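Report on the structure given below.
Note that the structure is predicted; figures quoted are calculated from it, not measured. Residues take their numbers from the sequence shown, with the count starting at 1.
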Amino acid sequence: AAGLQKLGKVQLYVLRALVQHSSWVAGCGWTWDTTSGTTKIMESLVRRGYVTRFADVYRPTAQVIAYLQDASARRRL
């Protein structure tokens, strides 16, 4: 997860939202811009290893969840 800084702003925003919501599937109620746009961003995150996809449900990896939670905790100190 140390490579998160290589993500674009939109990718990082979507990844943080995915961690907050636990998963994403088309039609679930939240998107970035459009459903197809969100799918493209999710697929880019899958290719980078930050997100998994099973049966069209996208979920953040445990490493990403831990990294973002640790970063959030550090900001609160």
Which atom of [X] lies closest to which atom of [Y], heavy atoms considered:
{"X": "Ser22", "Y": "Pro60", "answer": "O-CD, 3.4 Å"}
{"X": "Thr52", "Y": "Thr61", "answer": "CG2-CG2, 4.1 Å"}
{"X": "Gln11", "Y": "Ile41", "answer": "CA-CG2, 4.1 Å"}
{"X": "Asp56", "Y": "Val25", "answer": "O-CG2, 3.3 Å"}

Exercise. Out of curiosity, Ser23 OG to Phe54 CZ, how far, rounded to the nearest 0.5 Å?
Worked result: 13.5 Å
For this session: Could you tell me the separation between the CG atom of Leu45 and the OH atom of Tyr58, rounded to the nearest 0.5 Å?
Result: 10.0 Å
For this session: May I have the step-by-step check of side chain to side chain contact (heavy atoms under 4.5 Å, CB included) for Val51 and Leu15, ending in yes or no?
Result: CA-CA 8 Å; Val51 171; Leu15 187 57; 3.7 Å; yes
Exercise. Should Tyr50 and Tyr13 be regarded as members of a common hydrophobic cluster, given that ILVMFWY residues are connected when their side-chain heavy atoms come within less than 4.5 Å of each other, either directly or indirectly?
Worked result: yes
For this session: Give a yes or no on whether Val46 and Ile65 share a hydrophobic cluster (residues Ile, Leu, Val, Met, Phe, Trp, Tyr; joining criterion: side-chain heavy atoms under 4.5 Å apart).
Result: yes
Problem set entry | Check against side chain to side chain contact (heavy atoms under 4.5 Å, CB included), Arg59 and Leu18 | CA-CA 7 Å; Arg59 297 184 193 282; Leu18 183 62; 5.8 Å; no
For this session: Would you please name every residue forming a salt bridge (Lys or Arg N to Asp or Glu O under 4.0 Å) with Arg53, sequence neighbours left out?
Result: Glu43
Problem set entry | Under the side-chain contact (heavy atoms from CB on, under 4.5 Å) test, residues paired with Ala26 that sit two or more places apart | Trp24, Thr35
Donor-acceptor list for residues 27-34 side chains, cut-off 3.5 Å, not counting sequence neighbours:
{"unit_1": "Thr34", "atom_1": "OG1", "unit_2": "Ser36", "atom_2": "OG", "d": "3.4"}
{"unit_1": "Thr34", "atom_1": "OG1", "unit_2": "Gly37", "atom_2": "N", "d": "2.9"}

